[in-house]
Structure formats: structure tokens, C-alpha cells
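FYI, the numbering just counts along the sequence from 1.
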Amino acid sequence: MQKLLLTISGLALALTMSAQTVSSPDGNIQVNLSVNGEGTPLYNVTFKGVKVIEDSPLGLNTSVGDFTKGLSLQKTGEPTKVEGSYDLTNGKKAHFTFSANELTTTYAQGNNPAFDVIFHVDNNNVAFRYMMHKQGRRQDRLSCMVSNETTAFTMPQGTKTFLCPQMGPQGGFARTAPSYETYYEYDAEMGKNGQGRGYTFPALFREEVQMPTGKKNAKQTQNVWVMLCETGVDGTYCGSRLECKNNQYSIAYPEDAEFGGVGTSAPGIMLPGYTPWRTITIGTSLKPMAETSIMWDLVKPRYEASQNYKYGRSVWSWIIRMDASCNYDEQKEYIDFAANLGWEYILIDALWDTNIGYDRMEELVKYARSKNVGVYLWYNSNGYWNDAPQGPRGKLHLMIERHKEMAWLKKAGVKGLKIDFVGSDKQQTMQLYEEIMADANDYGLEIIFHGCTLPRGWERMYPNFVACEAVRASENLSFGQHDNDIEALAATIHPVLRNAVGNMDFGGSALNKYYSKNNQRGNHRVTSDVYALATAILFQTPVQNFALAPNNLTDAPAWAINFMRSVPTTWKDINFIDGYPGKFIVMARQATDGTWYVAGVNANKEPLTVTIPLTMFSVGQNIKLYLNDNVTTTTVSKKQTITVTIPSNGGVVINN
Ligand code: CA
């Protein structure tokens with residue numbers, strides 16, 4: 001008996017001594033776990049000792065039990081160190097390494113383990129996911145539906161938000177929403193719930209906190225930026241959004257009406273099984289957001305690349321000339337234009353199936369190949385979930401037809417597909433995305449999705465994945481003047497938010513003054529030509545569908561065309577310099593050949609003077625400075641800085 005008591009007290013001691021906190025390797029970020037009086041597990045996050053996520057609930061409500069309350073901490077280990085490195089030729093940086101601490105904690109109802117929560121904490125990010133255990137008295141429940149999660153992020157009072165409201169299901173063009181295409185709100189108060197249905201990932205927050213200065217007892221007010229997202233979403237789960245109540249942002253699942261009402265809004269999982277990782281990126285500047293690798297650190301390739309996929313610059317007639325241009329002659333003109341620029345691709349948009357036809361498309365692809373131009377073809381994703389009329393339709397949503405179509409695409413020599421109008425985050429839709437990419441890889445096809453969800457780790461998970469739109473993209477510059485009037489705002493936020501978590505098919509960098517074939521009427525660009533060059537660097541995707549038009553060879557400045565002839569689309573490194581969403585941004589990217597490109601944009605009404613560090617160049621090195629719609633050559637000063645004044649709606653670009 002005495003021995004037994006000793007064992008029990010030994011166990012109790014072990015339990016109380018086990019960690020309920022896990023810190024980043026540098027100790028700045030700490031996650032603290034607890035369970036409240038109702039048996040709901042809670043977590044909070046501190047950054048340099050200041051609480052940046054307040055006590056927030058964890059839990060899952062499932063078909064095999066309500067695991068949102070009545071839980072107790074059953075088991076917790078010690079934090080373990082995890083490290084890794086990998087290449088990402090299609091992402092924002094060619095090679096990533098990471099180092100983090102992980103802690104796994106088991107919560108139980110009675111004696112039955114419900115789920116583990118795994119926290120992964122590196123110097124800039126917190127990520128966590130659930131591992132649901134087998135359920136049932138004999139552990140014989142091997143699957144479940146998750147009807148909802150209580151997972152939330154509770155922000156301190158006074159936090160400001162930079163959020164993209166969720167679109168209503170079956171809204172937008174021909175019932176194709178949601179597609180992540182609303183306007184961001186900048187520095188908005190908390191408490192709103194978007195347009196009534198929350199917000200899309202990624203989500204950005206600015207907290208004003210009292211931070212120690214390092215001097216004894218001294219504190220100063222400082223911005224702490226927090227970005228929320230999720231990664232590792234594939235056919236085993238749905239994509240989520242955030243619903244806001246007061247200062248709490250909770251995980252919410254897709255709406256029933258999405259995807260034409262087909263498929264459930266609640267995901268089903270095998271047991272034991274995992275949920276996607278939810279991520280929190282934290283920093284006193286936007287550098288950790290712009291440069292984060294958390295989306296890819298936590299996922300693995302789902303299959304081997306069938307070949308060495310090639311990337312590059314693409315011409316795209318549709319953005320300036322719209323549907324009418326999708327005919328043989330104009331596409332041939334654009335192929336010649338791509339060849340003139342030395343670009344790698346042409347994207348032939350909607351309606352080619354009827355305006356050009358399959359036989360003549362084979363001729364056109366052959367012609368493009370003779371000019372060293374690869375062809376991307378547009379497809380309507382649709383089977384039965386929207387009314388978008390553009391063809392080709394009904395070719396990709398079912399496996400048998402998809403394989404037939406992809407066999408033809410391979411035979412014709414097509415390099416990639418842009419697949420439009422997929423709008424939904426349901427698990428069934430995630431399975432479609434995944435199946436399309438996996439099948440396309442068998443036929444050597446690269447994939448761009450448009451009118452679609454946010455990629456959540458897909459650059460690494462699917463090696464033939466190129467990009468998703470999931471942003472209010474360049475088409476809106478063609479559709480309406482208002483988007484032109486506020487165009488520069490977007491360039492100040494995407495590199496630190498939407499584009500920071502995944503490749504972005506924006507389709508920008510127009511050098512036309514007007515969005516029309518004759519370049520004399522239509523919606524007009526208020527941004528400068530240097531702005532167009534700057535966004536070619538700021539906006540990242542390995543295959544860029546730029547909005548340049550053949551007339552730009554004669555009506556755009558030669559320095560701009562010459563820059564675009566050699567602009568890179570794949571990157572070795574990234575260096576965020578400065579910025580504030582809605583105001584300005586300056587950042588640098590290093591091309592795979594080692595050339596550095598510094599790019600900045602000013603969305604303020606007034607010119608903006610900024611001092612830019614040039615430490616990526618050497619003292620005395622010749623650099624080109626694109627500013628005030630001109631290019632000059634200068635040398636890097638001893639101080640390795642340059643002070644420039646960027647015009648309103650203008651940009652700056654510096655490269656060697
Ligand atoms: Ca769109």
C-alpha cells in the first residue's frame with residue numbers, strides 16, 4: 001500500500017512538473033496552456049513577456065463526442081527541438097531552414113484521451129494542430145465528422161485589424177464566390193464580422209503594446225504585428241475562415257451553400273487523424289510576415305514531381321483585350337510578342353475551345369513552340385456548382401473526362417492550365433483541387449487556380465502547383481475605375497499578407513495607360529510606369545501573367561520594356577525593408593542568378609521620402625535607379641544607403 005501511494009504521488013509529481021509552456025528557441029515567444037473551470041483547454045501567447053494572444057479556447061465538437069468542454073489535461077511531455085531544411089524552387093525563397101520547439105499535450109474526458117494539441121514554436125511563428133484519438137469504449141470509432149471547432153484567437157483590446165471580408169457563397173459572377181476578392185480594410189477596429197460572415201485567411205493585426213526597452217523598468221509603446229493563417233489543408237479537411245465576436249476570432253468552416261450546396265461544410269477525418277496547422281506569425285515589424293516560411297515548414301510534398309518544372313514570364317491578352325482577343329490571329333500576335341520579349345509563356349484565356357478549337361489549338365501550340373514560347377490554357381473548373389458560361393467546361397471535374405483532356409493537352413504540348421471559378425473551401429472542393437494537381441503532374445502540367453481558395457502550403461505539397469488568385473486581382477483594374485484609383489494600396493499589403501503565405505496570380509504590371517486594345521479609352525491607370533516595374537518584383541509567383549501588350553513595344557518607355565525583358569520570376573532570397581499596409585512598402589528580392597532587386601511603392605497622397613539600406617550591394621558598385629519615370633545609374637555610397645522620394649502612386653526600383 002505504501003508503495004502504491006508512493007507511485008501515485010510520484011505520478012502526480014511528474015504531472016505537475018511536466019511543461020505547460022513552450023517557448024521559441026530564442027525565448028521571445030511563449031505559449032502557455034491551461035484548462036478553465038468548465039474543462040475547456042486554453043492557450044495564450046506572449047512575445048517578450050507581453051501577452052499578444054489572450055486566453056483562447058481549444059476544442060472540437062465531433063460526431064463521436066463534444067470535446068469542447070469537460071476535458072482535463074491528461075499528459076504533457078517536455079518540449080522537443082525540431083529542425084529541418086528544404087528547397088522551394090516555385091516559392092518566394094529557394095531554400096528554407098527552420099528550428100522550433102514542439103510540445104504535445106493530451107486532453108481527456110474521464111480516462112479517455114480526446115485529442116492531442118501539438119504546438120510548434122519558432123522565433124517568429126506559433127503553429128498548432130489537433131490529433132484526434134480513436135474513440136469509443138473499445139477504441140473502435142475510426143472516423144468522425146467535425147461539426148465545429150472552438151479554436152479561437154483572442155486579441156487584446158484596442159487591436160487594429162487588416163482583414164479581407166469573406167464573400168457570400170454562390171454570390172459574385174455567376175455564383176462563383178467565395179473567391180477571396182473583397183477589399184482589405186486598413187487599421188480597422190475589432191468587433192465587426194466582415195460582411196456578416198467573417199474574414200478570409202490570412203488575417204493581419206496591429207497591437208500597440210508596452211514593451212520593455214532593455215533599460216531598467218523603462219517601457220515604450222510599440223507596434224506588435226500578428227498574422228493568422230493555416231497550412232497543410234488538402235483533401236483531408238476543409239479550408240477555414242475567421243468569425244469575429246468582440247475581440248475573439250474563431251475558426252469557422254465553409255458555408256453549406258458553397259460549391260452549389262454539394263458536399264458538407266463539416267470535414268470528416270480518419271481516426272487517429274489530424275486537423276490542419278493554424279499559424280500565428282509575430283513581430284515588431286512586418287519582416288516576419290513577409291519572410292515567413294511557416295506555411296511550408298510544416299508540410300511535406302504529397303508526390304514526386306514528374307519532371308523538372310520550368311517557370312517564367314507570360315503574356316496574357318485577356319487582361320487588356322478581354323474575351324474578344326481569344327482568337328487565333330491575336331493569340332499568334334501575342335506569341336510573337338512573347339518571343340520578342342524573350343519570355344517563356346503565353347496564357348490563352350477563356351473561350352479558346354470555340355473561338356480557336358482543339359485542332360487549330362494544336363497548330364498554335366506548335367507555332368508557339370517554334371518561337372520557344374510555352375502555352376498555358378484556361379479552363380472553367382465547373383461541373384455543377386456555378387453558372388459561369390465560358391468554355392471549355394465540364395472537362396476537369398470528373399476523373400475519366402479529366403484524364404482524356406490531360407492526355408490531349410500532353411500530346412498537344414501544352415505546359416500548364418489556368419483553372420477558373422472553383423470558389424469553395426469545402427473538403428470536397430479541396431479533394432478536387434488536390435486530384436486536379438496530382439493528375440496534372442502525371443501529364444507534366446503546371447497548375448494555376450483562379451477564382452479560387454487560398455493555397456495553404458501547396459507550393460511544397462504539390463510540386464506542379466504554380467499559384468492561386470485568391471486576391472482582388474488585376475481583372476478589377478480592367479472592370480472598373482475605382483480599383484485603379486486605389487491600385488497602390490494593394491501593393492502595400494499583399495507582399496506582407498496574401499502573397500507572404502502563398503504564390504499570387506495577380507496578373508499586373510500593365511504599361512498601358514488605358515485598359516483597352518487601342519490604349520486610348522477605358523479605365524485608366526493612375527500609377528506610374530516605375531510602379532508597374534516595382535510590382536513585378538513585389539508580387540511573387542513563379543509564372544507571372546503580366547499585363548503588357550504588344551503596343552507597349554512602341555508606346556511604353558524603352559527603359560520599362562527593357563526592364564521587363566529581363567525581370568525574374570523565381571527567387572533565391574527575400575529581404576523586407578520597411579512598410580505599413582495602406583501607406584508604403586519597400587522590400588528586396590534576390591533573383592536565382594544572384595541579382596538583387598529593391599522595389600518600393602508609395603500609396604500615400606503625398607510624395608514619400610525614404611532611406612533605403614543598400615547592404616545587399618557592395619560599396620562603389622554601379623546600380624540602376626528607376627524613379628520618377630526615368631532610369632539613372634549611380635554607385636553605392638560608403639554608408640550603403642540611398643534616400644529617395646517616391647511620388648504618390650509611384651514606385652522605386654533598384655538593381656545591379
Ligand atoms: Ca478573379
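Using a 3.5 Å distance cut-off with no hydrogens or angles, the side chains of N125 and T292 do pair a donor with an acceptor. When only modelled atom types and interatomic distance are considered, S306 and Y303 share no side-chain donor-acceptor pair under 3.5 Å. Residues Y443 and H403 bring a donor and an acceptor atom of their side chains to less than 3.5 Å of each other. Under the 3.5 Å distance criterion, with hydrogens and angles disregarded, no donor-acceptor pair is assigned to the side chains of N124 and T281. When only modelled atom types and interatomic distance are considered, E102 and T80 share no side-chain donor-acceptor pair under 3.5 Å. With 3.5 Å as the limit, one finds no donor-acceptor pair spanning the side chains of S85 and T97. Counted by atom type alone, E149 and N61 present zero donor-acceptor pairs between their side chains at under 3.5 Å. Checking T453 against D425 by side-chain atom types alone, a donor-acceptor pair falls below 3.5 Å. For the 3.5 Å distance criterion, the side chains of T176 and N386 fail to qualify, holding no donor opposite an acceptor. Side-chain polar atoms of H450 and E475 form a donor-acceptor pair below 3.5 angstrom. Using a 3.5 Å distance cut-off with no hydrogens or angles, the side chains of D55 and N44 do pair a donor with an acceptor. With no hydrogens or angles considered, a side-chain donor-acceptor pair links S179 and E181 at under 3.5 Å. When only modelled atom types and interatomic distance are considered, S24 and N28 share no side-chain donor-acceptor pair under 3.5 Å. Side-chain atoms of Y462 and E434 form a donor-acceptor pair, as typed in the model, at a separation below 3.5 Å. Inspection of the N382 and H397 side chains reveals no N or O donor paired with an N or O acceptor under 3.5 Å.
Annotation: F162 is in aromatic contact with W225 [ring centroid separation under 6.0 Å]. Ring centers of F173 and F421: under 6.0 Å apart, within the cut-off. In this structure, F205 has its ring center at least 6.0 angstrom away from the ring center of F153. Not less than 6.0 angstrom separates the ring centroid of F201 from the ring centroid of Y180. Checked against the 6.0 Å centroid criterion, the rings of F67 and Y107 do not qualify as a close aromatic pair.
Contacts of R302 classified as salt bridge (charged side-chain N to carboxylate O under 4.0 Å, His left out), with partners at least two apart in sequence or in another chain: D234. A search for side chain to side chain donor-acceptor pair (under 3.5 Å) contacts involving R472 returns Y183, N476, D483, not counting sequence neighbours. E185 is linked by a salt bridge (charged side-chain N to carboxylate O under 4.0 Å, His left out) to K192, counting only residues two or more places apart in sequence or in another chain. Taking N112 as the reference, nothing meets the side-chain contact (heavy atoms from CB on, under 4.5 Å) condition, with sequence neighbours excluded. When the salt bridge (charged side-chain N to carboxylate O under 4.0 Å, His left out) test is applied to D87, no partner is found at least two apart in sequence or on another chain.
A cation-pi arrangement is not found for R241 relative to Y199, the charged atom failing to lie both closer than 6.0 Å to the ring centre and inside a 45° cone about the ring normal. At least one test fails for R278 against the ring of F128: distance under 6.0 Å to the centre or angle within 45° of the axis.
Counting non-hydrogen atoms of neighbouring residues, nucleotides and ligands closer than 6.0 angstrom, the CE atom of M270 reaches no more than 12 such neighbours. Sparse packing is recorded around CG of N111, with 12 or fewer heavy atoms of other residues, nucleotides or ligands lying under 6.0 Å away. Residue K69 qualifies as open at atom NZ: its count of foreign heavy atoms under 6.0 Å is 12 or below. Residue E38 qualifies as open at atom CD: its count of foreign heavy atoms under 6.0 Å is 12 or below. Around atom NZ of K93, more than 12 heavy atoms belonging to other residues, nucleotides or ligands sit under 6.0 Å away.
Checked by atom type and distance alone, the side chain of Q135 pairs as donor or acceptor with a backbone atom of P113 at under 3.5 Å. Formation of a donor-acceptor pair under 3.5 Å by the Y184 side chain with backbone atoms of I493 is not found in this model. Under a 3.5 Å cut-off, the side chain of W458 and the backbone N or O of V233 do form a donor-acceptor pair. One N or O on the side chain of K426 and one on the backbone of E258 form a donor-acceptor pair closer than 3.5 Å.
Atom OG1 of T21 and atom CG of N32 lie 6.0 Å apart (nearest 0.5 Å).
Minimum interatomic distance between P276 and C238 (heavy atoms only, all atoms of both residues): CG-O, 4.4 Å. The nearest pair of heavy atoms linking G172 to A177 is N-CB, 4.1 Å. In terms of heavy-atom proximity, V496 sits nearest to P581 at CG2-CG, 4.3 Å. Considering all non-hydrogen atoms of both residues, L242 and N193 come closest at O-OD1, 4.3 Å.
Residue pairs meeting the salt bridge (Lys or Arg N to Asp or Glu O under 4.0 Å) criterion with at least one member in residues 263-274: none, sequence neighbours excluded.
No salt bridge links K92 with E459; every basic N to acidic carboxylate O contact stays at or beyond 4.0 Å. E230 has a carboxylate O that lies under 4.0 Å from a charged side-chain N of R456, or vice versa, which qualifies the two as a salt bridge.
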N123 vs I29, side-chain contact (heavy atoms from CB on, under 4.5 Å): CA-CA, chis, key distance, verdict: CA-CA 7 Å; N123 289 347; I29 298 176; over 6 Å; no
